[in-house]
Number of protein chains: 2
Amino acid sequence: MFNLHCSMGRTKLVMKKIEDPTSRQQFYSKRKDTILKKSNELAVLCDVDVGLLMFSPAGEVTSYSSKESLEDVMLLAMNKAGELNKRSPENPNEQPLTEILTQSKHEGKMVEKIAIVESHEEKLNKLKESLSEAQQKIRYYEPQVENINSVQEADAYEKFIRSAMELIQLSKAKLLGGQEFFQRNENVAVSFVNTEDMAAAGTSRGRMY
Amino acid sequence: MFNLHCSMGRTKLVMKKIEDPTSRQQFYSKRKDTILKKSNELAVLCDVDVGLLMFSPAGEVTSYSSKESLEDVMLLAMNKAGELNKRSPENPNEQPLTEILTQSKHEGKMVEKIAIVESHEEKLNKLKESLSEAQQKIRYYEPQVENINSVQEADAYEKFIRSAMELIQLSKAKLLGGQEFFQRNENVAVSFVNTEDMAAAGTSRGRMY
DNA sequence: CCGTCTATTTATAATTC
DNA sequence: TGAATTATAAATAGACG
């Protein structure tokens, strides 16, 4: 139900607490630096305020802020939040623009993500279906000999495969000029009797029997 | 001396404010998501507390915290040491941070959603691969006559299909007591010569000529 | 404006020294 | 053990639609 993996490098990691303390601390140190670096890049390149707090597995605090102190950034956010609380009492209908912007953006994104998840679920199911269908079909063409228990069953498989063979033979005949309908190959001879079977074979695609 | 550049991709960027507002906003959006994701990874993999606050160029606040609220993380840090207490806020907690708390929850859910999307994408890709493989195989068995342009091509298909037929014939022969290897059917006769072709057909999958 | 693609750079897990 | 190396995955800038 959740993201199982993350990260680059030789292999992917499971999104789950690293149990070995040494590895965990090592991991933390590296990743912490990267996040710090990227936070700083964001703050500088976009000229925005960023505040960051991280606790190491040992409890050591690392903080970053684009302003003098992290508190300044927090206060900014608090003020922002406070602004959102202000409503003009005389005009209850009049919502502060900032509130509309921020809230709707959040909601919008949530809805968007949920939509993506749903669409993926749909795609997944369709794909699974297609795959299962395709694999079923392949079972007809590549039957497991040990699973065939009767001549009738074998005949059913054979019929199916024969339609494919007929298609090819037909194709070859056409390519050779359509003159010799009965083809002879180095090591295989196939003869056809009527075209009904061919037609039937041609339309038998998609559904099995 | 210092890091004058940053980033991956086609070129390096100068560590300086992006002047074009559109580019800046675009840059912010992408990078913000990455930092959120990585912060979450750090929190989960290392089982530590992380708090993050980012302002967009437009002033929109994005927050993340591994705890219920960013406030919790902040308080943790404040209790930890005076490191962050350079300035004691003149209006301490005059405004409860309910808004931030709410936003944190939103972001937390966002992270979760993003994770789901990613795991789905992974599954999707795997399925697509399997399906494409299966369909490729089926193309050998159900060639589109109109797409076969040479006898050589037709021969390749034929060999492939023949191996399936041989399997069936073999199976039938066994079921019938292994006496008649050459089967005769109502309207089609197929004879086999050697098994080399089968092997060849079996390995020729993937690419046609 | 927003997604997609691709070449390139970064980040980094595993491994080596 | 831990710093350096290597192989691999992720991030992402720029281009295109």
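Here the structure is a predicted model, which is why all the values come from computation and not from measurement. Chain letters run A, B, ... following the sequence lines, proteins first, then strands; residues in each count from 1. All values below were derived from every heavy atom in this structure, side-chain atoms included, with hydrogens, water molecules and symmetry-related copies excluded.
- Distance, A:L42 CG to C:dT10 C1': 17 Å, rounded to whole Å.
- A:E41 has its CD atom 13 Å from the C1' atom of D:dA13, to the nearest Å.
- In this structure, B:R24 places its CZ atom 17 Å from C1' of C:dC1, rounding to the nearest Å.
- For the OP1/OP2 pair of C:dT8 and a distance below 4.0 Å, the side-chain nitrogens and oxygens of B:T11 include no atom meeting the criterion.
- Between A:K30 atom NZ and D:dT5 atom P there is a gap of 13 Å when expressed in whole angstrom units.
- For A:M15 and C:dA13, the CE to P distance is 13 Å, given to the nearest whole Å.
- The phosphate of C:dA11 (OP1 or OP2) has a side-chain N or O of A:K37 nearer than 4.0 angstrom.
- Separating the CG atom of A:L45 from the P atom of D:dG14 is a distance of 11 Å, rounded to the nearest angstrom.
- Between B:K12 and the phosphate of C:dT10, there is a side-chain N or O to OP1/OP2 separation shorter than 4.0 Å.
- Within 6.0 Å of atom NZ in B:K17, more than 12 heavy atoms from other residues, nucleotides or ligands are found, so the atom counts as buried in its surroundings.
- Comparing B:T34 and A:T22, the nucleotide of DNA chain D nearest to each residue sits closer to the 5' end for A:T22.
- B:L45 approaches A:M15 most closely through the heavy-atom pair CD2-SD, 3.2 Å.
- For the residue pair B:I35 and A:K38, the shortest heavy atom distance occurs at CD1-O, 3.5 Å.
- If you take CD1 of B:I18 and C1' of D:dA13, they are 10 Å apart, rounded to a whole angstrom.
- One atom, CE of B:M8, and another, P of D:dA13, lie 9 Å apart when rounded to the nearest Å.
- Inter-residue side-chain proximity for B:K159 and B:D155 is flagged as unmet; no heavy-atom pair is nearer than 4.5 Å.
- Side-chain to base pairing of A:R10 with D:dT6: one donor and one acceptor N or O lie within less than 3.5 Å of each other.
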